[in-house]
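What follows is a set of notes on a single structure, which appears directly below.
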Amino acid sequence: MRLTEYFLPTLISDPKEHETISHKLMQKAGLIDMTSSGIYSFLPIGLLVLRKVENILKEEMDRIGAIELLMPTLTPSSLWKETGRWTEYGDDMFRVKDRKGTEFSLAPTHEEIICDIVRGRVTSYKKLPLAFYQIQTKFRDEPRPRAGIIRGREFLMKDAYSFHATEESAETTYKRFFEAYRRIFDRCGFSYIIVEAEAGLIGGSFSHEFIAISDSGEDTVFVCPKCGYSANSERCEVGVRQIEDPNDGELKEVYTPGLITVKEVSGFLKLNPEQLIKTLIYKQDSEFVAAIILGTDELSEKKLKKVLGCKELKLAKKEVIAEVTGAPAGFSGPIGLPLKMIADNSIKGRKNLVVGGNKIDTHILGVSCGRDFEPGFFADIKIAKNDDPCPRCEGRLEAKRGIELGHTFKLGTKYSQAMNLVFLDETGREHFIIMGCYGIGVSRIVATIIEQNCDDRGIIWPPALSPFDTILININPEDFAMRSLSDEIYSILETEGIKVLYDDRIESPGKKFADADLIGIPWQIIVGKKATKENIELCERKTKNKEFIRLDELTGRIK
RNA sequence: CGGGGUGUAGCGCAGUCUGGUUAGCGCGCAGCGUUCGGGACGCUGAGGUCGGAGGUUCGAAUCCUCUCACCCCGACCA
């Protein structure tokens with residue numbers, strides 16, 4: 001491709017208002033153009049990269065026997081009403097009406113659609129298992145689009161859905177997808193981790209997130225560098241912390257007028273916030289419980305819900321707290337509390353604590369767990385923090401930011417029950433089809449690659465994803481000798497199937513080098529005054545190392 | 001939805017507080033010439049309803065009211 005005949009709108013100055021490195025570079029290098037918040041056009045070289053990612057996805061999906069199809073973007077509300085998601089999705093769903101007033105959704109995902117396709121057509125165990133995949137645009141009216149195409153309102157996604165007669169089959173397919181995802185992320189050259197997203201279903205864990213490590217990420221994940229344990233922040237287990245307290249103290253009430261937060265109380269009492277404990281009152285289904293954690297921790301509602309084994313869990317309302325504890329919110333404490341109490345592991349054996357007095361403007365000092373109050377049981381109910389002990393070894397957890405690129409789920413029969421997807425087994429008995437689903441953010445992958453592969457000059461594409469194999473820079477296209485040599489190199493490489501971006505523009509050399517570095521094509525062939533067929537300069541974008549080789553060696557070197 | 005911020009030429013910005021000729025600057029763009037190994041130089045030129053609506057005023061980019069769009073932090077979220 002001759003650059004003089006192409007469309008590559010690069011920018012010199014940084015686009016304003018954008019913080020994320022990949023977002024800046026994608027705009028600067030002319031990969032994308034914002035049409036509206038969270039809605040982007042892919043410009044020519046951006047699209048080339050997107051297609052490369054798609055091809056990798058297709059190859060790996062095909063390899064495990066998933067079948068590609070394409071579903072509509074505009075989907076009738078009737079399907080969504082079958083599963084209740086017409087209501088559940090709320091404002092995140094884009095909705096439109098047709099001329100007759102019938103309501104449609106711009107599909108945010110496609111479980112309902114694929115189920116409708118399979119329903120009635122796959123009714124025998126003989127036709128199972130089946131796995132489909134789609135690569136298409138999805139729509140979510142995100143409350144806050146951010147970081148360019150990392151969180152857009154319109155984005156390209158690869159989703160896959162599998163259908164099974166048995167749990168074993170679902171598990172086998174799940175593992176296949178899991179391995180396919182590993183290959184995909186390896187081929188893209190990501191530094192990524194896989195975290196358990198939902199532990200403890202029967203037969204093991206069946207939901208995983210594939211997260212690329214990046215400071216621009218939205219999720220916090222924890223990794224143990226010693227044993228490799230990893231999990232997202234809400235679910236990450238925490239090992240036992242060793243906190244040594246002085247001896248038991250004497251109970252003492254203190255007057256703490258209007259001091260509610262841990263910061264306020266510890267500041268007022270001039271105590272380490274680790275001496276404070278928080279007592280949170282929750283409504284569990286129809287009864288109330290107290291969750292007790294360290295003042296410096298945050299409660300993980302997911303963990304609490306799991307240990308309580310309840311369906312609904314909500315922080316109690318202010319009036320209720322006053323009623324059950326005898327004091328306004330902020331002064332709850334475990335002593336004499338007539339509720340079921342669950343304490344975090346880190347409370348066990350602690351002495352000399354500060355707790356709420358269950359009395360307005362009052363806290364109690366010198367409290368020992370076991371002596372002054374006895375929780376119903378101890379469990380790990382806090383959100384992990386950086387440097388917490390690893391639950392599996394004696395290492396320390398490291399908090400990292402990450403971008404969620406893929407998520408695999410075992411869905412079970414949630415959708416097949418709602419939409420009546422049934423099949424007959426060998427004995428003629430009817431069962432619901434068991435499902436799995438497996439998503440990857442395709443456009444998000446492009447941004448993430450840039451996050452992980454760039455320097456102060458611009459993007460550095462991994463060869464497998466670069467929009468072109470090489471860029472050919474003619475320093476001075478008005479010079480006859482340089483032009484003939486460049487033209488010859490260009491036509492030879494093209495003939496040999498190498499994708500060349502040929503910078504034949506009449507521009508200053510500096511501009512050409514800067515653009516080449518910005519758009520990040522892995523190899524730069526530079527034709528200057530001294531170049532001959534025997535002496536062609538080849539520069540590697542990543543290292544900026546230069547070598548001089550013969551024309552007939554070029555193809556082999558680049559491929 | 002809460003908090004903070006920005007809208008002036010294709011891009012990046014100044015001017016707004018303290019209203020007053022014809023709204024500026026850099027880059028980019030067009031023409032001519034000189035250059036040609038790290039965003040070159042000279043000359044000439046094109047390009048703006050100052051986000052939008054309403055108001056105050058003799059006079060509004062500037063003051064007031066409303067509104068729209070976008071960005072960042074948080075809440076929310078596959």
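Please read all numbers here as calculations on a predicted model, not as lab measurements. We name chains A, B, ... by the order of the sequence lines, and we start the count at 1 in each one.
- No engagement by Q27(A) is indicated, since no non-hydrogen atom pair under 4.0 Å with the nucleic acid exists.
- For Y438(A) and Y181(A), the gap between ring centers reaches or exceeds 6.0 Å.
- Using a distance-only test at 3.5 Å, with no hydrogens or angles considered, a donor-acceptor pair links the side chain of T470(A) to the main chain of W523(A).
- Closest-nucleotide positions on RNA chain B for A531(A) and S37(A) were compared, and the one nearer the 5' end corresponds to A531(A).
- The pair E111(A)-K414(A) fails the salt-bridge criterion, with no side-chain N (NZ, NE, NH1 or NH2) lying under 4.0 Å from an Asp/Glu carboxylate O.
- For the OP1/OP2 pair of A69(B) and a distance below 4.0 Å, the side-chain nitrogens and oxygens of S36(A) include no atom meeting the criterion.
- G7(B) is paired with C68(B) under the Watson-Crick or G-U wobble criterion, all donor-acceptor distances under 3.5 Å.
- Scanning atom types as modelled, one donor and one acceptor separated by under 3.5 angstrom connect the side chain of E537(A) and the base of G37(B).
- A cation-pi arrangement is found for R95(A) relative to W86(A), the charged atom lying closer than 6.0 Å to the ring centre and inside a 45° cone about the ring normal.
- Rounded to the nearest Å, the gap between the P atom of A9(B) and that of G5(B) is 23 Å.
- Nucleotides C41(B) and C27(B) are separated by 15 Å at their C1' atoms, to the nearest Å.
- To the nearest whole angstrom, the two P atoms, one in A69(B) and one in G52(B), are 15 Å apart.
- Salt bridge status for K546(A) with E537(A): present, with a side-chain N to carboxylate O gap under 4.0 Å.
- In this entry G38(B) has no Watson-Crick or G-U wobble partner, no candidate having both defining distances under 3.5 Å.
- Using a 4.0 Å heavy-atom distance criterion, K544(A) is classed as a base contact.
- In this structure, of C71(B), C11(B), G28(B), it is C11(B) that holds the atom nearest to the side chain of S13(A).
- For the pair D186(A) and R182(A), the salt-bridge criterion is not met [side-chain N within less than 4.0 Å of a carboxylate O].
- Across the protein-nucleic acid pair, K24(A) atom NZ and C72(B) atom P stand 11 Å apart, rounded to whole Å.
- With sequence neighbours excluded, the residues forming a salt bridge (Lys or Arg N to Asp or Glu O under 4.0 Å) with R146(A) are E218(A), listed by chain and number.
- Here U62(B) sits opposite no nucleotide as a Watson-Crick or G-U wobble pair (both hydrogen-bonding atom distances under 3.5 Å).
- Comparing T20(A) and Y89(A) against RNA chain B, the residue whose closest nucleotide sits nearer the 5' end is T20(A).
- For U62(B) and G15(B), the C1' atoms lie 9 Å apart once the distance is rounded to whole Å.
- Between R51(A) and E54(A), at least one side-chain N (NZ, or NE/NH1/NH2) sits under 4.0 Å from a carboxylate O, which counts as a salt bridge.
- Separating the C1' atom of C29(B) from that of A46(B) is a span of 8 Å, rounded to the nearest Å.
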- Would Y133(A) and I114(A) satisfy side chain to side chain contact (heavy atoms under 4.5 Å, CB included), going step by step from the backbone distance to the final call? CA-CA 10 Å; Y133(A) 75 96; I114(A) 191 78; over 6 Å; no
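- Rounded to whole Å, the distance from CG on D92(A) to P on C1(B) is 14 Å.
- Ring centers of H407(A) and F210(A): at least 6.0 Å apart, outside the cut-off.
- The residue I506(A) sits apart from the nucleic acid: no heavy atom pair falls under 4.0 Å.
- Atom CG of D141(A) and atom C1' of C1(B) are 13 Å apart (whole Å).
- At the heavy-atom level, K28(A) lies nowhere under 4.0 Å from the strands shown.
- Between E88(A) atom CD and C77(B) atom P the separation is 12 Å, expressed in whole Å.
- When Watson-Crick and G-U wobble pairs are counted only if both distances are under 3.5 Å, C43(B) pairs with G31(B).
- One interatomic measurement links the two molecules: CG of L43(A) to C1' of G10(B), which rounds to 14 Å at whole-angstrom precision.
- Residues from residues 447-459 of chain A lying near RNA chain B, meaning a heavy-atom separation below 4.0 Å, are R457(A) in numerical order.
- Non-hydrogen atoms lying under 4.0 Å from RNA chain B are contributed by S508(A), P509(A), G510(A), K511(A), F513(A), A514(A), D515(A), D517(A), all within residues 508-524 of chain A.
- With respect to the salt-bridge test (charged N to carboxylate O, under 4.0 angstrom), the residues R176(A) and E179(A) do not qualify.
- Between F185(A) and F190(A), the ring-plane angle classifies as tilted under the 30° and 60° cut-offs.
- One finds a salt bridge joining E60(A) and R183(A) here, because a Lys/Arg side-chain nitrogen approaches an Asp/Glu carboxylate oxygen to under 4.0 Å.
- A salt bridge is defined here as a Lys NZ or Arg NE, NH1 or NH2 lying under 4.0 Å from an Asp or Glu carboxylate O, and R119(A) with E82(A) meets this definition.
- For the pair H407(A) NE2 and C77(B) C1', the computed distance is 13 Å after rounding to whole Å.
- Here U57(B) sits opposite no nucleotide as a Watson-Crick or G-U wobble pair (both hydrogen-bonding atom distances under 3.5 Å).
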- Task: Give the intermediate values and the outcome of salt bridge (Lys or Arg N to Asp or Glu O under 4.0 Å) for residues D517(A) and K544(A).
- Result: CA-CA 9 Å; D517(A) 288 344; K544(A) 297 302 283 177; 2.7 Å; yes
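- Sorted by residue number, the members of residues 472-483 of chain A with any non-hydrogen atom under 4.0 Å from RNA chain B read I475(A), N476(A), E478(A).
- Using bins of under 30°, 30° to 60° and over 60° for the plane-to-plane angle, the ring pair F132(A)/F163(A) lands in the perpendicular bin.
- Across C71(B), C77(B), C11(B), the shortest atom-to-atom separation from the side chain of L11(A) is found for C11(B).
- The CD1 atom of I39(A) sits 12 Å away from the P atom of A69(B) (whole-angstrom rounding).
- A distance of 4.5 Å separates CD1 in I113(A) from OG1 in T75(A), rounded to the nearest 0.5 Å.
- Within residues 143-164 of chain A, the residues having any heavy atom under 4.0 Å from RNA chain B are, by residue number, P143(A), R144(A), R146(A), A147(A), R151(A).
- Across all strands shown, the partner of G74(B) is C1(B), judged by Watson-Crick or G-U wobble contacts whose two distances both fall under 3.5 Å.
- Atom name C1', nucleotides C77(B) and G10(B): the rounded distance is 36 Å, in whole Å.
- Interface residues of residues 436-445 of chain A facing RNA chain B, ordered by number: none; criterion, heavy-atom separation under 4.0 Å.
- Comparing the same atom, C1', in A14(B) and in U6(B) gives a spacing of 15 Å after rounding to whole Å.
- R401(A) and D215(A) are not joined by a salt bridge, as no carboxylate oxygen comes within less than 4.0 angstrom of a charged side-chain nitrogen.
- Here C29(B) presents its C1' atom at 11 Å from CD of E507(A), a figure rounded to the nearest Å.
- Residues H164(A) and Y174(A) keep their aromatic ring centres 6.0 Å or farther apart.
- Remark: the backbone N or O of W80(A) is paired with a side-chain donor or acceptor of T83(A) at under 3.5 angstrom.
- Taking atom P on both A53(B) and U8(B), the two are 15 Å apart, rounded to the nearest angstrom.
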